[in-house]
2 protein chains.
Amino acid sequence: MTVQRSPKRATISDVARLAGVSIATVSRVLNGTAPVAEETMLQVNQAIAALDFAPHAAARTLAGRRTDTIGLLLPEISGAFYSPLIHGIESSAREAGFDLLIHTTADRFREGGRIQLPLDEHNTDGLLVFTDRLSDAELARFHGRGFPLVLLYRSAPAGLDIPVVTLENKAGARGLVEHLIVTHGCRRIAFLAGPSGNEDSSWREAGYREALRAHGLDDDPALHGLGDFDNGRARATVQQWLSQGVLFDAIFAGDDDAAMGCIQALTEAGRRVPEDVAVVGFDDVLLAGLMIPRLTTVRTPIETAGRQAARLLISLIQGEAVEQLVLLPTELVIRQSCGCNGSLH
Amino acid sequence: MTVQRSPKRATISDVARLAGVSIATVSRVLNGTAPVAEETMLQVNQAIAALDFAPHAAARTLAGRRTDTIGLLLPEISGAFYSPLIHGIESSAREAGFDLLIHTTADRFREGGRIQLPLDEHNTDGLLVFTDRLSDAELARFHGRGFPLVLLYRSAPAGLDIPVVTLENKAGARGLVEHLIVTHGCRRIAFLAGPSGNEDSSWREAGYREALRAHGLDDDPALHGLGDFDNGRARATVQQWLSQGVLFDAIFAGDDDAAMGCIQALTEAGRRVPEDVAVVGFDDVLLAGLMIPRLTTVRTPIETAGRQAARLLISLIQGEAVEQLVLLPTELVIRQSCGCNGSLH
DNA sequence: AGGCTTTCAGAAACCGCTTTCAGAAAGCGT
DNA sequence: ACGCTTTCTGAAAGCGGTTTCTGAAAGCCT
């Protein structure tokens, strides 16, 4: 069970001994926390190089009371969505000298009975919370302790001043649906909602409603289904509609994954996209521009969101004041699946 | 700069004091490392609950000489590929009680001059190496120190017994190409290589060659091009072939992205897929089953690869012996683009 | 030259936990 | 009742750094 590492790691004492100085001096050279004579510094650096020394992170954390690590709490990772998000967070964190610790919350939080939160303030200097698996109460507990927190794509519980980074979902959705109405003359536009409770979905639905209302269209409940932001779920919903003879000339699928499911279901049933039914998504994942037909969607700056969130968190950790809400703009991306750009390319 | 956390964290001493025992006893209760009287245990647990105590990870690491964290080294994250990979690794790690620390190597390793490897043995108990940005020399250095390492999708430098998890690229490719030859009677099958130096690509090419040889087909160099595992690159290559009048009745595009590029180029040139030219990919990305024609490809168990790799690494960390090579099976997925299933579905 | 500030370096006190070592108390066989 | 395990517990020594405190040496001014 015990791991024996052959040549034992050099420690700060080894360096100090070799350089003929005290460990305090080595520490100062390492961190630049106090002036050190040029010559001494040289000695120390040589010793460091000779011993291939690198400071022990845990010891540093313990003594220095900071981990230089930020945590990311995600729901079960899946879908194309998380790559750019993680990438944004990671690169932003690394620029500031922070590591990234990732936890997916398979929802089994306090198992056994011990209160073992997976990523608590002991392992990280702050937490980026994406998932809705962390209850408001737990959020409050962390926040109450003064633990830096930033929320991604979800709003803060009432009364807690936790910064939030999210998207202009409503405006984006409205623009998208208006494009279907105005440019393509769609009258019966179906909407596929995301997972219940998902805030992005709620806002997109709000945008969809606004667009309908603004153009005097009926908001037919029969045209509301569950897409769950999931390929298979969306496909099943559309299949069901098809078999029930529900009429629609367009589908706003909630997100791109669901849009693909819709297209699958429609194609299998012999309906052409976009000739018979227009389908639009949301997110502009990489695949959206590659599939046939190329998907009309709304570009969401996922990577930027990640980047911003990390930046906010790090500012918070460093004791700076930050804005409480970052609302990132979305952009309509018109391709083929709505009926535009009929030919190839 | 300094962060003041309002109610200072409870420590093991606080718990000990409240429970009226020594910190050693608390530690034993925490870890179950030695028998503790029932009643004492109860006292301690109550104190823990009352103080909402959770042990400080860094202190634990320092004292216990293990981090319970594994590191993952990736190239710049992008593409749908990494989500299942990370997910596989993360879930496998968490099952074993390990955290996951992710680093993307933007290639700027030893900056400044200090030897600061981003994830070294101080932060993690072992490392999962995906990227080829870590040189053989650096791998050797880690390995020489007895630091647990597992490689993903890349083979070990000569002479180092570092476990590797990779795919049965060759067998998969061979099966795929044989399907073209046997079922569809293709005689002139082109191959698009991936990025130079990419091991997956080399093996796929080897499988392609084997298939040709096994069926007495000529391996015409004119039918070898660069696909670079990239949509645009593959498209350009095929366009060039077309304009040069190169003759072929099938293309094995190296991967799915490239296959899409091929289909685009062919379609634009008025060639029908699969009637005029069969096109097959590799990976079975989500889109492969959605595009028209639906792509015949080889399914690769990415998530499983991640899961296995993490498992191997953890075994290694725990001092167990592990197999040096895990070759994950691939599976032929026959759809339309090869000429099968002419109609829908 | 004497007093005062700066600059640089070391001793030592932690940081919060694990683990060894040793001892007290309790159980057991005869 | 007496030695001998066995069971449980505490004191204390680290783990490898950071940081405070203090002091020696050097620089500066009058």
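Just so it is clear: chains get the letters A, B, ... in the order the sequence lines come, proteins before strands, and each one is counted from 1. These numbers were taken from a predicted model, which means no experiment stands behind them.
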[X] side chain: which of [options] is closest?
X	options	result
B:S22	D:dT9, D:dG16, D:dG10	D:dG10
B:T40	D:dG17, D:dT9, C:dG16	D:dT9
B:A24	D:dA11, C:dA9, D:dT9	D:dA11

Salt bridge (charged side-chain N to carboxylate O under 4.0 Å, His left out) partners of residues 11-34 of chain B, not counting sequence neighbours, each pair once: B:D14-B:R17

Sugar-phosphate only, base, or nothing, as touched by B:V26 at under 4.0 Å among non-hydrogen atoms: nothing

Sugar-phosphate, base or nothing in reach of A:T25, heavy atoms under 4.0 Å: sugar-phosphate

Results of side-chain contact (heavy atoms from CB on, under 4.5 Å) for A:P301 - residues two or more places apart only: A:L167, A:T304, A:L328

B:D68: partners by side-chain contact (heavy atoms from CB on, under 4.5 Å), with sequence neighbours left out: B:R66, B:F98, B:D125

With a 3.5 Å distance limit and no angle check, can you tell me whether [X] reaches the backbone of [Y] through a side-chain donor-acceptor pair?
X	Y	value
B:T33	B:N31	no
B:T61	B:A57	yes
A:S315	A:R311	yes

Residues in contact with DNA chain C, drawn from residues 12-19 of chain A - heavy-atom cutoff 4.0 Å: none

Pair B:E199-B:S155, side-chain donor/acceptor within less than 3.5 Å: yes

DNA chain D: 5'-proximal contact among A:R28 and B:V36 (nearest heavy atom): B:V36

End axis versus end axis in the helix from C:dA1-D:dT30 to C:dT30-D:dA1, the angle rounded to 10°, five pairs used at each terminus: 30°

Which pairs, protein N/O on one side and nucleotides 13-15 of chain C N/O on the other, fall under 3.5 Å?
from	atom 1	to	atom 2	distance (Å)
C:dC15	O2	A:A63	N	3.3

